[in-house]
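All remarks here apply to the structure that follows.
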Amino acid sequence: MGETQEPQLSPETCFTIHMGEPQEVQLSKIEPSGAKETNSLEDNSFGGPMNESIMSNKKRYYRWLRVAIHSSLVLVCASAAVLLGRLYYEKGGKSKWMGTLVQLAGFPIQLPVYFFLAPKNLTTNNSIHPKQPSVSMLSFIYVSIGLLVALDCYLYSVGLWYLPVSTYSLICSSQLAFNAFFSYFLNSLKFTPYIINSLVLLTISSTLLVFQNESSSDDDDDSDSTKISKKKYVIGFICTVGASAGYGLWLSITQLVFKKVIKRETFKVILDMILYPSLVATLVTLVGLFASGEWSGLKDEMKGYELGKASYLLNLTFTAILWQVFTIGCLGLISEVSSLFSNAISALGVPIVPMLAVLFFHDKMDDIKGISMVLAIWGIVSYVYQQYLDDTKSENRNTTSHVPKASSPIEEVHR
């Protein structure tokens with residue numbers, strides 16, 4: 001019963017019956033040339049190239065859906081957080097270290113997700129590597145990134161303290177150029193015509209608005225959001241440019257760590273890249289808050305806040321939450337696309353924040369800002385289109401690589 005019985009049939013056809021496995025029959029047809037065809041249920045199933053194409057399109061659709069969700073989080077949360085940060089200073093807030101702390105201290109709200117909801121085996125792509133970095137290596141990465149983030153957030157806080165909110169947001173668009181510069185060296189970024197076009201347009205857009213804001217400060221506008229001294233403007237400008245450079249470096253380093261060190265991008269790993277550096281940066285900021293002596297004036301600051309104590313606490317709380325959701329969106333875009341794309345989406349907030357500043361802080365809105373907004377949107381669309389082209393080429397290569405090849409004459413099918 002365990003042996004194979006092969007009844008002699010016609011020269012063209014033979015049946016091979018394996019009695020060792022019940023009710024298993026393989027039908028093979030031998031052509032005159034000696035080639036052998038194998039018929040099975042799998043050949044008539046939906047596992048062919050058509051099904052692979054459908055699955056590829058579905059996977060691509062869900063990927064861009066995730067990109068859209070992450071992009072929305074980045075745009076909405078960044079714009080709202082910047083406005084709340086400026087509102088804190090407008091209504092009586094004076095502590096730059098507190099303005100830094102609220103950008104970082106909200107990370108504990110992600111702990112329930114980290115411990116209970118994060119699917120530890122869910123990957124955002126197929127980049128899984130069996131060899132993982134050591135604990136000492138990961139500790140060095142988290143501490144280094146945490147120190148960079150703490151410095152970066154402090155510089156942003158100083159810039160927002162000294163500059164009008166529209167000028168601040170426009171200077172922040174330079175982070176895209178810094179990110180491209182660092183990604184060129186760290187992540188082998190290739191500058192295509194669309195990327196170069198995007199960088200040029202965004203740079204022109206921000207430059208126009210910065211000049212417009214400088215000229216508006218010489219007018220008779222007495223708005224607290226636009227009236228600043230030249231010295232404060234220079235300090236705020238330098239700090240914001242430095243913060244933009246640090247932010248671009250952080251994005252590039254994060255992408256490098258994902259690809260070269262960790263070599264996998266699970267949801268848990270992404271949260272690790274948020275929580276541990278945020279913990280380090282928060283501790284550094286707390287040291288700065290107490291060392292500078294600003295902590296002693298926080299009680300009086302809350303009492304003197306123009307909108308009241310409750311509004312003071314709500315402002316700081318929601319600012320902290322928004323920055324954490326913004327960080328999740330950024331890292332999601334890094335894992336799905338690239339650090340430069342994440343930065344490009346962040347730059348899309350450049351025209352959004354000045355428009356909201358007109359509504360809430362009475363900043364001026366004129367033709368120059370309108371032109372700058374159009375250029376910024378054009379630049380973002382140019383970069384997104386380049387990402388679409390890259391994604392299409394990648395999908396086409398994957399589809400071509402899965403085209404089935406002709407079977408060899410001696411190939412057999414075994415279940």
Side-chain angles (χ1 to χ4, degrees), residues 51-81 106-107 109-129 176 179 183 187 189 194-195 198 247 250-259 262-275 277-278 321-349 352 377 380-399:
N51 185 58
E52 290 181 359
S53 178
I54 294 174
M55 295 300 295
S56 177
N57 290 334
K58 183 179 293 187
K59 182 178 179 181
R60 181 180 176 187
Y61 167 79
Y62 283 118
R63 175 175 178 265
W64 281 103
L65 178 61
R66 293 193 301 269
V67 170
I69 293 173
H70 291 313
S71 300
S72 299
L73 292 178
V74 168
L75 289 174
V76 173
C77 294
S79 301
F107 73 91
I109 66 175
Q110 302 176 34
L111 293 179
V113 178
Y114 182 82
F115 288 110
F116 300 109
L117 301 180
K120 296 178 175 55
N121 59 344
L122 177 63
T123 59
T124 56
N125 57 33
N126 295 325
S127 57
I128 303 178
H129 197 276
L176 186 61
N179 188 200
S183 293
N187 301 309
L189 174 69
Y194 288 108
I195 291 181
S198 174
Y247 182 77
W250 170 71
L251 289 175
S252 299
I253 290 177
T254 301
Q255 184 179 0
L256 180 67
V257 169
F258 276 140
K259 290 186 176 181
I262 300 179
K263 299 180 181 178
R264 61 191 178 111
E265 295 171 10
T266 65
F267 189 55
K268 182 178 182 298
V269 169
I270 293 176
L271 288 178
D272 286 340
M273 289 297 293
I274 298 175
L275 295 176
S278 295
I321 294 174
L322 287 170
W323 279 125
Q324 289 304 308
V325 179
F326 165 80
T327 304
I328 293 176
C330 283
L331 290 180
L333 291 177
I334 292 173
S335 63
E336 292 289 346
V337 189
S338 68
S339 62
L340 187 58
F341 182 81
S342 175
N343 213 345
I345 295 300
S346 300
L348 187 60
I352 296 177
I377 295 174
I380 297 298
V381 170
S382 178
Y383 186 81
V384 171
Y385 183 69
Q386 178 61 55
Q387 292 297 322
Y388 171 78
L389 293 179
D390 294 341
D391 184 72
T392 302
K393 291 180 181 179
S394 177
E395 293 294 335
N396 291 337
R397 285 195 299 267
N398 292 336
T399 302

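Every heavy atom of this structure was used, including side-chain atoms; hydrogens, water molecules and symmetry mates were not. As the structure is a computational prediction, the values presented were derived from the model and not from experiment.
- Side chains of L111 and L275 form a contact here, defined as non-hydrogen atoms less than 4.5 Å apart.
- Under the 4.5 Å side-chain criterion, counting only non-hydrogen atoms from C-beta, M273 is in contact with I262.
- Between D272 and P277, the shortest heavy-atom contact is O-CD, 3.4 Å.
- Of all heavy-atom pairs between E336 and V67, the closest is CB-CG2, 3.9 Å.
- Partners of Y62 under the side-chain contact (heavy atoms from CB on, under 4.5 Å) rule, at least two apart in sequence or in another chain, are K58, L65, R66.
- Residues S278 and Q324 come closest through the heavy atom pair OG-OE1, 4.4 Å.
- With sequence neighbours excluded, the residues that form a side-chain contact (heavy atoms from CB on, under 4.5 Å) with S79 are I352, V353, L356.
- Note that the CG atom of L333 and the CG atom of L73 stand 8.5 Å from one another [nearest 0.5 Å].
- Shortest non-hydrogen contact noted between L75 and I345 is CD2-O, 3.1 Å.
- Smallest separation of non-hydrogen atoms from C77 and V325: SG-CG1, 3.5 Å.
- With sequence neighbours excluded, the residues that form a side-chain contact (heavy atoms from CB on, under 4.5 Å) with A80 are L322.
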C330/Y247 under side-chain contact (heavy atoms from CB on, under 4.5 Å): CA gap, chis, key distance, verdict: CA-CA 11 Å; C330 283; Y247 182 77; 3.1 Å; yes
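- Under the side-chain contact (heavy atoms from CB on, under 4.5 Å) criterion, L256 pairs with L186, N187, K260, sequence neighbours left out.
- Ring-plane geometry between W323 and F326 is classed as perpendicular, the angle between the planes exceeding 60 degrees on a 0 to 90 degree scale with a lower cut at 30.
- Evaluation of the ring pair (Phe, Tyr, Trp, His ring centres under 6.0 Å) rule for Y194 yields Y385 as partners, not counting sequence neighbours.
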Trace of the side-chain contact (heavy atoms from CB on, under 4.5 Å) decision for F107 with T327: CA-CA 10 Å; F107 73 91; T327 304; over 6 Å; no
